[in-house]
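Only heavy atoms go into these numbers, but all of them, side chains included; no hydrogens, no water, no symmetry mates. Letters go in sequence order (proteins before strands), and every chain restarts at 1.
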Amino acid sequence: MTTKKSEPEITHEEDVDEKDVSRRGFITAAALSTAGLVAACSGGDQGDASAENADNEPAPAVPATGGGSDFDVVVIGGGMAGASAARETSKAGLTTLLLEARNRLGGRTYYAPFGDHNIELGANYLYWLQPHIWAEVTRYNLPIDDTPAAVNPDRWIYLKDGKAVEADIATFWPKVDKAMTDYCAMSREVFPRPYDTFHTDEWKKYQDLTIQDRIDQLDLEDDVRLNLNAIWSIMSHAPCKEGGFLEMLRWWANLGSNSIDFNNAVSRYRLSNGTISLINAMLDDSDAEVRLSSPVSRIAQNGTGVQITLEDGQTVTAKKVIVTSPLNTWVDVEFEPALSEVKLTTSRERHVGAGNKLHAKTKQDIGNVFLTADDGFGPMQYGYTETTGPGGTTLLSYGLDGAFDVNNLDVVQNMLRQFLPDVEVESTYGYQWLYDPFSKGTWSTLRPHQFKLVPELQRAEGDVHFASADIATMWRGWMDGGIEMGVSTGQVVARALVS
Amino acid sequence: MSNLKLICVISVGAIFLAAACGGEQNNETAAPAPTPAPASENNTADAEVGAPARGLTEAFDEMDASCDQALAKTTLTQCRVCHSFDAGKPNLTGPNLFGIYGASAAAGDNFAYSPVLRESGLVWDEDTLNKFLENPPQFLPGNRMAYGGVRDAEARKSLICLLKALK
């Protein structure tokens, strides 16, 4: 990776003459952009544009700036959505700058070193029924790891009235499987086209239901009900009375309405070289500039372009901006003109995903275990073995309490001992996304009343576009959703600027 | 990431709790030590002839004998997820922490410290480090370290011992 000094440099606010900013006019150099698009369509990169020149004249050098703006496109956020959006606009020949607030790429993915190995502290799983991310896996030939222990436990232990109960998996799983299937019985009718969630009006029948409301409609044994609550609460990463029923129904429909694919999708396949390998692949495949440690404080439109002000007062101008930062953080940026009331209100309310995730290593080999608890127990709803052997077991645990002390060995050990009384924990770690002001939570599950707002949350406001995974259509809250939004929005912006 | 044009950005300020997240993506953002130790004639001369950078190895060797080295090492595993510690190493998700003891908060280069930390006026000593490390979100609401804290007093003490020697 090479370091390239930005040209032109971002200017300090005190150095900017507002009149000069407006005089620049933000006019697109359409010819240059078109040349770039042709090159992209023919499989070449921007540097190949000269070879595509119809007159066999040397193509003009592509300038560092696009027309009167510093950049054609500024992408805000360096996660899956941001990296894919930047790739799309860059490959269309548009000068593109990606601004990332943190001093790392990845957004709510974070492949980080822990001791002698790396762990995924954020988003982790992908599946071949997630069309956008799987296209990237194919495109960049990314290797995949299979962690089958997560879907083939030898022991299933759940908390009931504060006590550990060991299930007979052979007889208990079919009951829970049936309960999940019954919970989602109407999935094909409501979402006959999962990529187009509003294709019919069937969803309106269920729009007011929480996850808990739907569970309560089913006639279930207590232990099955408890575990259904555990499963859906952790999938939504919030108490079942908060998340919208339609959100989980959509996952089920996306996966062909069956529990085998559902289980595989939520806890089995991951990128061998970490989520960062895909981020890097997408950005390596572009000419976008990337600037880290660049929190944005203001996004102002004047009808002919956009001025982005960074937290330290520096400014940059662009013809169009793609905001890929999390929904929960939109309210922390000053937009001029102000965002629509729906966007602001939804950002203030937040989506419901706000729990914890921790990686624990036990001293003993505790085998392939699956641990569950309902949403009345904050620290963990869903835990399972990733790897196990004579050297100990690595466990991945998800809970609803985002403030749970995931990094405290004693606290985590005591929590696990409620399931496994003799377990000894050697190490534990979790990134506390709730404390990260650039995420303010984990993955997006919308509240019941927020479901119908998705089209408005996705709607561009002038030259500012929105492309977070939090507002994706199909795999909202997933890496796939980030890429869905990044690619589709990047293409919309590219078409608008190139034409 | 050969094609990635990574711009070393915008700097804002300085320290917080150190930084080293092995992220290859951050290799370009070199972070000078927040507050270099006073240069004696000798170490200045060493620098001129390219003396090896100091860092964790030396800090463990030189930390006070009364400190719990083993506990510091264990506790540090969590810090190393996001922080670098050796002099001259780039910031990671969090800033490089070499020389943090005795330095002003938010004083490092090329790192977007939170406004609340920049404006805190804190100097990192035993007392401020102890309070911050125990519960960062409570001690300094609005800071950007996504870490709930080291609740164990002995673990904090060992870490602070190590940071004291990291100069």
Side-chain angles (χ1 to χ4, degrees), chain A residues 1-6 10 45 78 97 99-106 110-115 118-119 121 276 279-281 283-295 310-312 314 403-411 427-439, chain B residues 1-13 19-31 74-82 84 90-96 108-116 118 135-138 141-152 155:
Chain A
M1 182 167 64
T2 56
T3 299
K4 177 180 178 295
K5 183 156 174 52
S6 163
I10 287 180
D45 60 19
L97 170 67
L99 296 172
E100 166 54 47
R102 302 182 185 93
N103 197 46
R104 66 168 179 85
L105 291 168
Y110 185 5
Y111 187 61
F114 183 68
N118 277 51
I119 52 179
L121 297 172
I276 193 65
I279 297 277
N280 287 343
L283 289 172
D284 278 353
D285 195 19
S286 86
D287 286 317
E289 284 189 8
V290 175
R291 298 181 187 177
L292 304 179
S293 282
S294 302
L310 305 186
E311 190 176 80
D312 69 351
Q314 297 182 70
F404 178 61
D405 197 0
V406 291
N407 295 308
N408 188 316
L409 205 64
D410 292 336
V411 168
S427 66
T428 177
Y429 191 76
Y431 186 85
Q432 294 178 284
W433 296 95
L434 193 59
Y435 295 146
D436 183 337
F438 302 124
S439 58
Chain B
M1 297 179 66
S2 56
N3 293 335
L4 179 57
K5 297 175 177 98
L6 229 191
I7 305 288
C8 177
V9 195
I10 300 177
S11 62
V12 193
C21 262
E24 58 198 293
Q25 72 273 25
N26 295 322
N27 295 349
E28 316 299 331
T29 48
T74 303
T75 312
L76 191 70
T77 305
Q78 295 190 348
C79 311
R80 295 183 78 165
V81 171
C82 291
S84 55
N91 296 321
L92 299 175
T93 298
N96 182 304
D109 291 335
N110 299 326
F111 194 82
Y113 295 93
S114 61
V116 68
R118 292 201 312 267
N135 194 331
Q138 186 175 300
N143 85 81
R144 288 176 175 161
M145 188 163 76
Y147 184 79
V150 181
R151 298 287 193 274
D152 182 79

Using a strict threshold of under 4.0 Å (side-chain N to carboxylate O), is an ion pair present between B:Arg151 and A:Asp410? no

Would you check if the side chain of B:Thr93 reaches a backbone N or O of A:Arg104 as a donor-acceptor pair within less than 3.5 Å? no

Measuring only between side-chain heavy atoms, which start at C-beta, is A:Tyr429 closer than 4.5 Å to A:Val406? no

Which bit of A:Phe438 comes within less than 4.5 Å of chain B, counting heavy atoms only: side chain, backbone, both or neither? side chain

Okay, side chain of A:Glu289, backbone of A:Leu99: is any donor-acceptor separation there less than 3.5 Å? no

At a 4.5 Å cut-off on heavy atoms, which part of A:Thr428 comes close to chain B: side chain, backbone, both, or neither? both

Do we see a donor-acceptor contact under 3.5 Å between the side chains of A:Asn103 and A:Ser293? yes

Examine whether an atom of A:Asn407 lies under 4.5 Å from a heavy atom of chain B, and if so say whether it belongs to the side chain, the backbone or both; otherwise answer neither. both

Given that the side chain runs from C-beta out, which part of A:Ala403 has a heavy atom under 4.5 Å from chain B: side chain, backbone, both or neither? neither

Determine the option with the most heavy-atom pairs under 4.5 angstrom with chain B, choosing from A:Asn408, A:Leu121, A:Asp405. A:Asp405

Check whether A:Leu409 gets within reach of chain B through its side chain, its backbone, both or neither, counting any heavy atom under 4.5 Å. neither

